[in-house]
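Since the structure is predicted, the reported quantities are computational estimates derived from the model, not experimental observations. The chains referred to below are lettered A, B, ... by the order of the sequence lines, with proteins before strands, and numbering in each begins at 1. Side chains are part of it too, since the values below use all heavy atoms of this structure and drop only hydrogens, waters and symmetry mates.
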Amino acid sequence: MNPELSEQEAIRRESLKELEKLGINAYPAEAYEVNISTSEIHKNFPTDSTLYQDISIAGRIMTRRIMGAASFVDLQDSSGRIQLYIKRDDICPGEDKTLYNTVFKRLLDIGDIIGVTGFVFITQMGEISIHVKSLKLLSKSLRVLPVVKEKDDQVFDAFSDPEARYRQRYVDLIVNPEIRDVFVKRSRIINTMRAFFNEKGYLEVETPILQPIPGGAAARPFITHHNALDMPLYLRVADELYLKKLIVGGFDGVYEFAKDFRNEGMDRTHNPEFTVLEIYVAYKDYFWMMEFTETMLERVAMSLHNQTTVQVGDRSIDFKSPFRRLTMSDAIMQYAGIDINGKSEDDLRLICKELGVETNPAMGKGKLIDAIFGEKCEEHLVQPTFIMDYPIEMSPLCKRHRSNPELTERFELFVNGKELCNAYSELNDPIDQLDRFQDQLNLSQKGDDEAMFIDMDFVRALEYGMPTCSGMGIGIDRLTMFMTNQPSIQDVLFFPQMRPEKKAPPAGDTDDAFVAIGVPEAWVPALRKYGFKTVVELKAANPNKLLNDLGGLRKKMKLDIPALKLEEIQAWVNSEK
RNA sequence: CUCUCCGUAGCUCAGCUGGUAGAGCAAAUGACUCUUAAUCAUUGGGCCAUAGGUUCGAAUCCUAUCGGGGAGACCA
């Protein structure tokens, strides 16, 4: 037995052995028939108590209340919980009461997965329960589950440490079942959107994640290496360019739910990998896309909540379309009191200084305007608001505004002070596109490490001709945060990125050092457990005391290794090494 | 990257201005045939994150490191 195990873990492994001796396989291979779920029982039994008189159900033991020859167990399946009533003489009708007395009471634990058959009834206390007629172990749990108790909606001893919850999401999901709901909703959000797109006849597609040029967005990429081709590849930061190539190829509408990767900071709204929906529709412009987007979001909200208002923190946000529309310069006028129209780069730099907005020399006109906007306006955009008509420098893939060549036909949707969507009338003029890429290159040389790479194949595709087109991207993680009222991106990702767990290296000498003076390898962990971290410490010990203490330890820990003799221990202590 | 708080039993947490650890749940043993945070009795369970330092003495004070939360910086 491994002395690293906690007492309770060791006991569970012992139980496993005892089950084996009783001829019970703790991990049986055969399927177990499940013909009902806990939620169906709770839903239908109150109105028709003749139902469910012969059922078979499986789940995890969450709590037990044992009262001698009868017990109550809370069984949890994927849909909820139900109480089991287990009576000794019902599951052990004959003389042999082993199944109840030994297997159920002693060898089963909280966390084990079992299957039961029986009938549904209501206890004297009024709780819908299953009267168990047979019980089968389906999987033994060797780790101790946190026990979360609840009474009158008050939760006791909640499993709440964020680190443990995110690292061991499986435990979180078992003991905090309300967490599941967020992920069920996340799935529904995606399904609602997918249905919306499919109804319109748009095609769901897949494009490369490994890209030779990480195009489509201004962001620092992850880089990797392909051995056979001996070349670098980047993890995509966006799928925009590939999807537009498909529009060139003749599809009227394409979309992709894509994992994107950005090698940037992590915080409450940023995970290194995240999910984005991008959709491109031919022969449309950004006005059309605004209507499309607000219709889509209204539909998502309705599908989740049966209403358009959604509670986000202490605010109520209404996704009822149409959303407010505001140009960027009007927003800055309204919230910062500054008219940016016709201002030069130097003027803007001065304005930033007056407003206390930080700048650096690498910032062009577009970034300066964006800085003012970010600092002064975003926080005010609580209800869904389209911000339109961005400066041209910030939007190298976006069509020039039809009435002002300094601007682009771009909008972003802000909700609760955060950006949620980004959309354009897509640039389809190949010559303009190449020029704009060239400008990005200049920015890059000026020190902007996020400026976009030039993708010549994309330019070539545009040279064949891309129809007018509008595209939109929306962060699915952020959308889920809003729609489920979660404050952190980690709460809408099953497995948020974490630093790897590091086991503290065992302090003191290595195993080999102990073995070198004659200590049997199997005894080394026991010695560590006992407190000897180095050979020097061990050799300073009294052999007689050691013999006694280690013998006691062996018994206590139920160590399956040969007992020690005094001569052996004396040999360690007297060893020359 | 900066600031700040945190890391004690399987889980949730006490542990004051230093004197080598406590509770509840969980576990073990026993009692109990309708309980539900079941109850009652007894018992076991800890490298107090890691490494240094101060001290006669450190879970406690100091420094560094690791991991995490929060705020900011950067960033879509």
Spacing of the C1' atoms in B:U42 and B:A37 (rounded, Å): 22 Å

Under-4.0 Å side-chain N/O to phosphate OP1/OP2 contact, A:R12 with B:A27: no

RNA chain B contacts among residues 374-394 of chain A, heavy-atom distance under 4.0 Å: A:E378

Under 4.0 angstrom between A:R106 side-chain N/O and B:U29 OP1 or OP2: yes

C1' spacing across the pair B:C48 / B:G15, given as an integer number of angstrom: 10 Å

Selection from B:A76, B:C75, B:G68 that lies nearest to any side-chain heavy atom of A:E163: B:G68

Aromatic ring pairing A:F72/A:Y85, orientation class (parallel under 30°, perpendicular over 60°, tilted between): tilted

Set of residues satisfying ring pair (Phe, Tyr, Trp, His ring centres under 6.0 Å) with respect to A:Y335, sequence neighbours excluded: A:H380

N-O pairing of A:E412 and A:R410 below 4.0 Å: yes

Short side-chain donor-acceptor distance under 3.5 Å, A:S129 and A:T123: no

B:G24 to B:U20 separation - C1' atoms, rounded to the nearest Å: 25 Å

Which residue lies more 5' along RNA chain B, comparing A:E127 with A:S488 via nearest heavy atoms: A:E127

Shortest side-chain distance from A:I110, nucleotide among B:A27, B:U35, B:A37: B:A27

Polar side-chain atom of A:D260 near backbone of A:E273 as donor-acceptor pair, under 3.5 Å: no

Candidate nucleotides B:U33, B:A38, B:C34, ranked by approach to the side chain of A:F72 - the nearest: B:C34

A:D109, nearest nucleotide to its side chain (from B:A28, B:U36, B:A26): B:A28

Filtered N/O pairs between nucleotides 40-42 of chain B and protein, under 3.5 Å:
none

Ring pair (Phe, Tyr, Trp, His ring centres under 6.0 Å) involving A:F411 - partner list, sequence neighbours excluded: A:F386

Interatomic distance at C1', B:A26 relative to B:C11, whole Å: 8 Å

Ring pair (Phe, Tyr, Trp, His ring centres under 6.0 Å) involving A:Y286 - partner list, sequence neighbours excluded: none

Nucleotide nearest A:P162 (side chain, heavy atoms from C-beta), chosen from B:A76, B:G69, B:C34: B:G69

Set of side-chain contact (heavy atoms from CB on, under 4.5 Å) partners for A:T98, sequence neighbours left out: A:L22, A:D96, A:T102

All salt bridge (charged side-chain N to carboxylate O under 4.0 Å, His left out) counterparts of A:R60, not counting sequence neighbours: none

Phosphate contact (B:G68 OP1 or OP2) by A:R167 side-chain N/O below 4.0 Å: yes

Which residues share a ring pair (Phe, Tyr, Trp, His ring centres under 6.0 Å) with A:Y166, sequence neighbours left out: none

Counterpart residues, salt bridge (charged side-chain N to carboxylate O under 4.0 Å, His left out), relative to A:E240 (two or more places apart): A:K244

A:D74 or A:R262, whichever maps to the more 5' nucleotide of RNA chain B: A:D74

Backbone of A:L243 reached by a side-chain donor or acceptor of A:E256 within 3.5 Å: no

Side-chain donor/acceptor of A:Q83 to base of B:U35, under 3.5 Å: yes

Protein-to-nucleotide contact annotation, 5' to 3' order, nucleotides 7-15 of chain B [B base; S sugar-phosphate only; - none; under 4.0 Å, heavy atom]: ---BSS---

Set of residues satisfying salt bridge (charged side-chain N to carboxylate O under 4.0 Å, His left out) with respect to A:E18, sequence neighbours excluded: A:R106

Residues A:D370 and A:K365 bridged, charged N to O under 4.0 Å: no

Span that lies between the C1' atom of B:U50 and that of B:C66, in whole angstrom: 7 Å

For RNA chain B, the dot-bracket pattern of Watson-Crick and G-U pairs whose distances stay under 3.5 Å, | for other-strand partners: (((((((..((((.....[..)))).(((((.......))))).....(((((..]....))))))))))))....

